[in-house]
Amino acid sequence: MAGNYRFEMDQEDVVRSLITSVDSFIQDRLIDKEQRTLHKEQCAERLAAEDGSSDKDSEVRYSDQAVLANLDWGIDALEEAINTSNIETKMARLDYAEKMLQVCAMLDSSHETAGVPNFYLSAWAHLNLSYLWKLRNHVNNAVLHILEMFTVDPFFSRIDFAPELWKCLFLPHMSSIVGWYSEERHRIVIDAIPDSSDLSFTMDFDHDFNESLIFSVRPDQAEKMQKFEQLYGQSLDDNTRLYAKYYKDCMNYDSATSKKAIPLLPIAEPPMTPLHEVRRSIPDYVKFGPILPKSAGFSHILRAKENDAEGASRSNMTSSLSDNQEDSTTWDPLKGIPEEDEEDYDPEPHVHIASNKRNQENNSSYCGGVNKDVEARSKVKQTNTNHRQSPKAFPSVDSPQVESPKVLSQGPSPKRSDTPSRKGVPVLRLLSGRVKDSSISSSLHLSQELKISSADSDEERTEQHETVGEKNARRLSLNQSLEKGSPNNSDEGSNSCISLPLSDKLTAPSRPPKDFVCPITGQIFNDPVTLETGQTYERKAIQEWIKRGNTTCPITRQSLSADTLPKTNYVLKRLITSWREQHPDLAQEFSYSETPRSYLSMPSSRERSSESTPSPAFSHPNHRRIEEIVEQRSRRFMRATVSMSPTSVISQAATEAIINGLKPYVSCLCTSEDLQECEQAILTIAKIWNDLRAESQGVHSYLSAPTIVNGFVEVLSASIKREVLQTTIYILSELLYVEDSITEILTSVDSDFECLATLLKDGLPEAAVLIYLLRPSFSQLSARNFVPSLTQIISNRNEDSSDFEFKIGPKEAAVVLLEQIITGGGESDRSFNAMQIISGNGISALLKCLEHENGRESIVCILLFCIRADKSCRNTIASRIKLSPVLELIHTGSDSVKATCIELLYELVLLSRRTLCNQILQIIKDEGAFSTMHTLLVCLQMASMEQKSTIAPLLLQLDLLVEPRKMSMYREESIEALIEALHKKEFPASQLKALDGLLSLSGHLTNSGKSFLEAQLLKAAGFNQRYNAMIKEEKQRAGENDITNTMEEEEKALSSWENRMAFVLCNHEKGLIFKALEECLKSTSMEIAKSSFIVASWLIHMLYSFPDTGIRDVARKSLLEQFIQMLQSTKNLEEKILAALALRGFITDLGTLCELAIYAKCLCKSLRKLKKYSTVVGDIMKTLMNLPCIDGAELWRYSECPEMDVSLNGEVLCLLHIRGLLISSHSDGTIKVWETGKRVLRLIHETREHTKAVTCLYVSSSCDKLYSGSLDRTIRVWAINQEEIHCLQVHDVKEPVFELIANTHFACFASQATGIKVYNWSGVPKHVNFQKYVKCLAIMGDKLYCGCTGYSIQEVDLSSQTSTTFYAGAKKLLGKQNIYSLQVQKNVVFAGGSLVDGISGKAFSLPSKAVIGTFSTGSDIQRLAVNNDFIFFATKSGNIEVWQQERVAKMTSIKMRSVGQSRITSLAVDKDGEMIFTGSTDGKIQVWRLD
């Protein structure tokens, strides 16, 4: 058996069909819980029975009990996984079940466990493991476990575990064994029955074999039957293992990497039994014989071989039968025809047994041994309920003739006799075939049907004469058998036999001559082809034989050296034509015909593009199913049953008249070398055909001859006349609808397809029709770059008028071809082809074609791919498209078409303009004969998880066109679908698509349809870089004025939409979406985590702008820790800012503040670094600092940095910090610029243009100019660059300058005199005198504030140059008090000076001039500095104190290192208060950095 392999079916087809069958079986088992429970109980009972049959005295080991427990626990865990809907629980239970079941699956099959055979336990474990892998969506692993089950224990697998699957996968291959079993059991039973000579050989033993017959069986006969049954069961088991191994080899075979040969299909052989037990040897047809399609339409009738003895009559043959019952019929191994010898017949039954090639055609035609479709499986189930029906016995001579649906019998029944048989005994031919109805128990009974078995040719005779009535009955029975034998009317694999009287002479032939009949199809030749071996076959049949991988002649088995088939055997064809005219009835009964294809049944481009890669979001049926492939193959040899009508002869005569009229022109077309004559012939042929409107199959067949078709193609490639080219294409297209052979002719030579491609590119639109009908692959279309030409056809408004009406127009064909091109290939190919359509102005043409009924599905698909390739064309399509055709397709189209249309609508509403988007949504909602929202709801409920993420956002937007109501079915279902998708961890693509939908629902979209919600949130947090860059890019793509106007117009509509959308999302099911986002934030996918983080930040930001409805607690519990963790762990600045934005919303809730107190210290450290980037950070820090649990001294710890000794330049008189630079002035007139980015100051620039000490520095509000005042009585203006300053102007003010404030209009300075001087840069300084000496200056708008002696503050109005007293201090007995430093910040004046009553600093409100805070430092404040949140004081005692502005509370204190009598002369801090700089009289600069 190992050597008898035959390759039948492509390995990939075997694998796909195998996966389909097993997947269907497991799916049924998973759905039917009751069946699983019943099956477990049955297996448990069998285990108990096996355990009970073992030795009861033997002790069961603990390890054996553990193994059985593992099996039980694994099955229970698997059942829990099937029943649960929680994904995490399901995965955990599946993992546990796998561990338990693997223990049993790996048991040694040759041993036992607790008295139970290990192979039974292992097979049961493999069955449950297949269920497990199906739940994990690994169907390949599930198939391998099923096959391992059949390998380990084929017996119980086919009777207990999966009997229905065994019937589908293995039983079709066992037909030879089943046939052997049926015959041998028949003979054994005949021998066992006493007085069996009166029984018919075809009697129904299942019906007539009762208990009385069983009791009469001798013990040796019973033992013989028992051994026979055991041998039969063992044969089934062995071959089941054989085919299971073959299937596993196919599953594991990889053509790309494997070095082994392709697995070959084995052939099951019956057991070899001793000759004294089996009366007939195993026929050689099991090993040899052609492997042909089962549904090929030819009759399964074995014709007897002609030999020298056939000259005698059948009566002479039967009279000379031998009495030897042990001899067997010999078989010709080449032709599979019995060679009957006179001594090889049994005279007692008086019958002639002619075994046909039973089971071979049916068995071999089963593609790879796998079931073809669901109908085949249903037939198996149906036949199992028929209780093994057997063929009925033939009636006796005296009984009336009975006609049944299955049997038409004639003639007498044979009787037992010791004398030679008399004339008139009918010859019986038994045809056994593949049995579909079989029992899988210890015995198997066959259910067979009876058919007509006719003689080989019209030369076969019997001695009896037929009457006219007998001939009519014979013909009637023949028609009935042919109808039953057709693929549409009979069960597959059924065979029959019938008793027919054979006469000496037939008045008319009952069958056509055998030379006129194809040995493959059993039908009259239509296109006979004689091979080099001398055998003649039907062209289509032998082509199919060769296509299936065979390289030998089906009959002679000789190798075929020729690569192509020869020409038609016209001599034989003429003889057949002549015979047809003489015998029209038989000719029509045995003729091969094929039903013409109609235009409505033409496959779509999606069905044709099987080589194309599948489309991304929705599923296109580009790959044909295995059932469709099988159906297509069977249809090539399908014989239509023709019923004769009164008009058939007239129609045939009309067809012949048309053909006769066409013959001269066809002859000219095929033989003439004059191009003009051929062109005229084509025009005439088309005119005759078009005028008569001939629809005859005969005309099509006549013109479809290869020679004629080649003539058309030659003219097509040579002619340059447009009319001729159009006419030729019309004729070929009409023929293509009917004859498949035309496609093979036109595609067999590359030059023919190249000719059509050239015509298409040269501007002949009709060429697109013919190319479409040829069903080219994507590679053929892509290699020739048809996109520009096809786009031009669609864009052409004025098509050339033609006298011929194509069944599909050039535009429709071009649209379908474009769809095939744009959906095929890789991502780069699709993008390139879509851009070609866009650049060729194909969008407008496609939108116009959308209004027509034909090709709408293809147009929608093309538009969708164009949008995906170039987002900018979305606005063009959205503004011009008419949505009513698209909405109609959603209501009436198939599932794939609906998915495509919904994808397109989803893309169309991704617009940057909210008003236009709302208009489109309103059109979608209102237009259409049916409710679009209701249709979308139905689609949502039935869609896959990934498709739900597209439908749900669209449906939700339609529902929110009006103000949200209390309840909406559409809204609830949409949000629920999105939340469900977010929970599906095992479907990351669905999660990501749902998050993209939520991002788009915010309404913040660019012109390309991408969401800029993150940039919008960053802008709200005060970080504008991302948003400004996006706006700049959008302005470059569109007009700047348009963008500005659009943003102004859309702002109100967008704000309303955003509030509405955020409100319904947050309040759905009391904040259920926040729990889903919490899970997504924990995802290992960076993309999912990032998108969910943006959505969560947006919803939290919006949530706290709505009234509290109890959702804030849910949001806090779900997301607060996530945002805190993100703020502390991420290194991405933008993510930190988004987290801070969300926390800013949380801090408004009192409940949140209690939780934030735990993280306050960590948060403050993280937030301090963000202050320079985001404005919301300050609000958070202020809130945190006000918490009673916060100790400022712990949070604000400064460490001292290395000091800089600049004593060579004298005292440090002034320090100024700006843009990461520190500028110092010294008593020798030097100004230095320091870099502060690192821990140690780095001097980058030094200048000395003042001749005396530089007492003061001031920087303009724009930070581009520096002003310096000096004792040399000048004021200098400096330009500040990246790493240096240079002097621009020098102003001589005639007096030394001690304090200075300046801007572009004037400069105010204090000199040795009382009051201040105002200098307008061009004149003499004006003196504003208020009789006090000025110690410090500060400015706010046009108001100048002067800290003076006497602890007072004077306010000077610079516009009127008048002064008033802002604050007047009281004189003390011990001395004078002064204001040494002033700073103005946020309408608050901070003043520091002498210590008075323990207070050395005060804060005044500018509007009211009232004291709003006091600062007790313990000593005089000599200098102060202020930033947004804190106040820094340098005291006389050498300390630096940090105070919080909000609470007016001391945070920390820093002790300066002082040497001798040095004191602080200047103080500066950076903007965020992270660095403190002091200058002293000893010429040193000290720096402290915040830890």
Side-chain angles (χ1 to χ4, degrees), residues 871 910-914 917 949 953 978 982 988 991-1037 1043 1047 1050-1051 1054-1055 1057-1059 1061-1062 1065-1066 1073-1074 1076-1078 1080-1083 1085-1105 1115 1119 1122-1146 1166-1167 1169-1170 1172-1177 1180:
K871 306 295 184 181
L910 297 179
L911 301 174
S912 59
R913 295 178 56 188
R914 189 68 245 173
C917 182
S949 302
L978 290 173
L982 294 179
Q991 282 183 305
L992 190 58
K993 198 162 187 179
L995 289 169
D996 291 340
L998 290 172
L999 290 173
S1000 66
L1001 289 176
S1002 66
H1004 296 284
L1005 302 171
T1006 63
N1007 287 330
S1008 61
K1010 295 182 179 180
S1011 173
F1012 65 92
L1013 179 59
E1014 183 180 9
Q1016 181 67 29
L1017 293 174
L1018 292 173
K1019 178 188 175 185
F1023 188 74
N1024 300 327
Q1025 283 85 336
R1026 172 80 72 87
Y1027 182 82
N1028 293 337
M1030 184 272 300
I1031 292 298
K1032 183 178 180 180
E1033 183 179 357
E1034 291 297 310
K1035 287 182 178 180
Q1036 292 176 353
R1037 292 181 178 180
I1043 290 291
M1047 292 181 63
E1050 297 291 327
E1051 185 176 354
L1054 181 58
S1055 176
W1057 177 265
E1058 184 179 16
N1059 290 332
M1061 183 62 67
L1065 289 175
C1066 293
I1073 192 172
F1074 295 110
L1077 290 172
E1078 178 187 8
C1080 292
L1081 285 171
K1082 299 176 183 178
S1083 174
S1085 171
M1086 296 297 296
E1087 196 171 2
I1088 294 176
K1090 179 63 179 295
S1091 299
S1092 59
F1093 178 66
I1094 297 173
V1095 174
S1097 301
W1098 170 58
L1099 292 179
I1100 295 298
H1101 175 64
M1102 299 297 298
L1103 176 64
Y1104 285 89
S1105 63
L1119 298 177
Q1122 300 290 334
F1123 283 112
I1124 293 175
Q1125 183 180 0
M1126 180 66 71
L1127 181 64
Q1128 295 176 344
S1129 62
T1130 184
K1131 296 182 180 179
N1132 187 286
L1133 176 62
E1134 294 178 350
E1135 292 179 355
K1136 285 181 176 290
I1137 295 174
L1138 289 180
L1141 179 65
L1143 289 177
R1144 202 262 304 263
F1146 281 123
S1166 300
L1167 291 171
K1169 301 178 181 179
L1170 294 179
K1172 64 178 74 173
Y1173 304 107
S1174 174
T1175 57
V1176 300
V1177 175
I1180 302 174

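For the single chain, residues carry numbers from 1 onward in sequence order.
Residues in residues 1132-1141 take part in these side-chain hydrogen bond (donor to acceptor under 3.5 Å, both in side chains) pairs, two or more places apart or across chains: R1026-E1134, T1130-E1135. Applying the salt bridge (charged side-chain N to carboxylate O under 4.0 Å, His left out) definition to pairs two or more places apart or across chains, those involving residues 1087-1103 are E1014-K1090.
A 6.0 Å sphere centred on NZ of K1010 holds no more than 12 heavy atoms belonging to other residues, nucleotides or ligands.
With sequence neighbours excluded, no residue forms a ring-ring contact (aromatic ring centres under 6.0 Å, His included) with H1101. Listed by chain and residue number, nothing satisfies the ring-ring contact (aromatic ring centres under 6.0 Å, His included) test with F1074 (two or more places apart in sequence, or in another chain). With sequence neighbours left out, Y1173 forms a ring-ring contact (aromatic ring centres under 6.0 Å, His included) with no residue at all. Here F1023 pairs with nothing under the ring-ring contact (aromatic ring centres under 6.0 Å, His included) rule; sequence neighbours left out.
L1141 places none of its side-chain heavy atoms less than 4.5 Å from the side chain of I1137. Residues V1177 and I1180 form no side-chain contact, since every pair of their non-hydrogen atoms from C-beta on lies 4.5 Å or further apart. Between I1073 and L998 there is a side-chain heavy-atom pair separated by less than 4.5 Å.
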Original post:
Taking it one step at a time, do W1098 and E1058 satisfy side-chain hydrogen bond (donor to acceptor under 3.5 Å, both in side chains)?
Top reply: CA-CA 10 Å; W1098 170 58; E1058 184 179 16; 2.8 Å; yes
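Judged purely by atom type and a 3.5 angstrom limit, S1174 uses its side chain to pair as donor or acceptor with the backbone of A1021.
Here the OG atom belonging to S1011 is positioned 11.5 Å from the CG atom belonging to L995, to the nearest 0.5 angstrom.
Between I1100 and A1142 the shortest heavy-atom distance is CG2-O, 3.6 Å.
F1012 and Y1027 have tilted rings, their planes meeting at an angle from 30° to 60° on a 0 to 90° scale.
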